[in-house]
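Reading through the structure tokens given below for one structure.
First listed ligand is number 1; within each ligand, the first listed atom is number 1.
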Amino acid sequence: MSDAARQTLGPSLLERLPVSVQKPAYDRAALAPGMAHLGVGAFHRGHQAEYTDDLLSLRFDRWGVVGINIRPPLLADTLGRQGGLYTRLIRDSQRIEARIVGSIVKVVDSQESAAPALDVLAAPEIDLVTMTVTEKGYCHRPSSGELDLDHPDIVHDLANPETPRSVPGILVRALELRRATHGRPVTLLSCDNIQTNGVILANVVRAFAQRRGTGLDDWIAANVAFPSAMVDRIVPATTQADLDSVERHFGYRDAAVVVGEPFRQWVIEQKFAGRVPRWDLVGATLVDDVTPFEHLKMRVLNGAQTTLATLGVLAGLEHTLDAIADPLLSTFVHRMLVEETLPTLTPVPGMDPSAYVEQSLGRLRNTAIRHRNHQIATDGSQKIVQRLLNPIRDRLRQGAGIGLLSVPVAGWMAYLIQASDRFGKRWPVSDPYAGRVAAIADETGHDPRALAAAIIAIDTIFDPGLAANETFRAAVTSALGAMLSDDPMAAVRDSLGQSEAARLKRTAQSA
Ligand code: CS2
């Protein structure tokens, strides 16, 4: 064995690691698989896999995780070579804490064909499937939460149900195989940042199953649970600098390092089928209704991230930490959350929403977490409904102002428009609607009114009620106009001035 191989993380290195690196406190060799996870990215490694590792240390049981990727990257090259082991670093401005997480017992690459994934998901020893497949993985229409039957992967999978490639297609095929073989119940637990993620997952799986027409949907109704969950920890995509930092600080190589902040939270709807791990013993909260927690997290923390990310890119800033260090953006995001977002939230047991805003903004100021604005702006079309449009709808229903919340909506549009050909490809974007917005920009040119109107007409993102609302259209159009000018931050300054003037007017009227 070469020196490099000897110093690469894997089961044989566990005994030789520095004492400053925490190791699994259980016998990994005795760990058997009991659940699967779809989408083993940084977030899973920094969140659910860590909770499971905590649980295994506290109360050892058959809860090893089989990690499956149906999209790149290949797991065999990283976690696979390391026997599933990886380093989880927690960083804030003061400290760096390293721990080896041992809960992933096996990894399976299923990018070429669904067969390897189906083998795992249909196996009788798998009682639970968690997933982080990103917002777009559900193939739903963000504006309604229903399965998008025009989605090319869904069209493909309905025609070829035994060789699926979409998440709904793969899950339905796995359930079909479970029903035909052992019939054991299973919980499918979404850990993606979509509001009512369990409902959306149930919608897409059951709508697909109904089209199979084999009575499968009735079996699903009786044997499969789709709890909703709110998941939280900021875990940016791992960079080469993160990999290097492990080697520098602790003296070994690890290709699957993940770096996160100290804060973590997991609130899970108590609605399970069959056996489930007792994550509630290690900090997760089980509740009857996740909705108020989801609203709080997605509208406050994620709303702030999307705002800082898109406006940050337009202002030429690289990371969330740079955007929040900017006095104008910091004032803007704080006022937006306090004045417009907070009044849309329903009370959350044991949590003070105002304190939550301050805590969330504090988390975004953690200078050791280098979250790229472009990463957060990725797939913005799938994120703005739960982060911005839903609070806007609630405000409009209350007859309240939306002058601040409309700015990041225009920011999302400007982010995609500026990247289109007509505006000179200033940055590469990744969003399923990027092509559509670029085509709109090509047809409409620079006129903000025409641009905003054509984008708002995309009914899979903007529901018809919101799209027809004149206050919304006017606010977005005015912000978009400023954002496409030479001084994009004028939109931010103007909206703050206008909302302050409106507030003073209301105070004078009520005096
Ligand atoms: C981020 C989230 O990339 C993004 O969309 O806003 O991944 C965010 O960091 C997590 O939801 C925090 O829990």
Tell me: protein heavy atom nearest [atom], and distance?
| atom | answer |
| --- | --- |
| atom 6 (O) of ligand 1 | Gln305 OE1, 2.7 Å |
| atom 4 (C) of ligand 1 | Lys383 NZ, 3.6 Å |
| atom 7 (O) of ligand 1 | Asn193 ND2, 4.3 Å |

Starting from the C-alpha separation in whole Å, work towards a yes-or-no answer on side-chain contact (heavy atoms from CB on, under 4.5 Å) for Ile234 and Leu364. CA-CA 9 Å; Ile234 299 174; Leu364 300 177; 3.7 Å; yes
Under-4.0 Å heavy-atom contact with ligand 1, by part of Lys297 that carries it: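 The answer is the side chain of Lys297.
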Under 4.0 Å, heavy atoms only, figure out whether ligand 1 is touched by the backbone of Asp232, its side chain, both or neither.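 Contact part for Asp232 vs ligand 1: both backbone and side chain.
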Carefully, step by step, assess His374 and Tyr415 under the rule ring-ring contact (aromatic ring centres under 6.0 Å, His included). CA-CA 10 Å; His374 279 296; Tyr415 175 79; 5.6 Å; yes
Would you name the heavy atoms of [X] and [Y] that are closest together and state the gap between them?
| X | Y | result |
| --- | --- | --- |
| Pro432 | Gln382 | CG-NE2, 3.5 Å |
| Ser406 | Ala475 | OG-CB, 3.3 Å |
| Ile402 | Arg395 | CG2-CB, 3.5 Å |

Looking only at heavy atoms of [X], does any of them come nearer than 4.0 Å to an atom of ligand 1?
| X | answer |
| --- | --- |
| His371 | yes |
| Arg387 | yes |
| His47 | no |

After noting the C-alpha distance and the side-chain angles of Asp54 and Arg264, does the key distance pass the salt bridge (charged side-chain N to carboxylate O under 4.0 Å, His left out) rule? CA-CA 13 Å; Asp54 285 345; Arg264 70 171 194 182; 2.8 Å; yes
Pair up each side-chain donor or acceptor in residues 320-333 with any protein partner under 3.5 Å, not counting sequence neighbours, and list the distances.
unit_1: Thr320; atom_1: OG1; unit_2: His371; atom_2: O; d: 3.4
unit_1: Asp322; atom_1: OD2; unit_2: His319; atom_2: N; d: 2.9
unit_1: Asp322; atom_1: OD2; unit_2: His319; atom_2: ND1; d: 3.2
unit_1: Asp326; atom_1: OD2; unit_2: Leu328; atom_2: N; d: 3.2
unit_1: Asp326; atom_1: OD2; unit_2: Leu329; atom_2: N; d: 2.9
unit_1: Thr331; atom_1: OG1; unit_2: Pro327; atom_2: O; d: 2.8

Output the list of atoms in ligand 1 that are nearer than 4.0 Å to some heavy atom of Ile376, sorted by atom number.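 Those of ligand 1 that fall under 4.0 Å from Ile376 are 3 (O), 6 (O).
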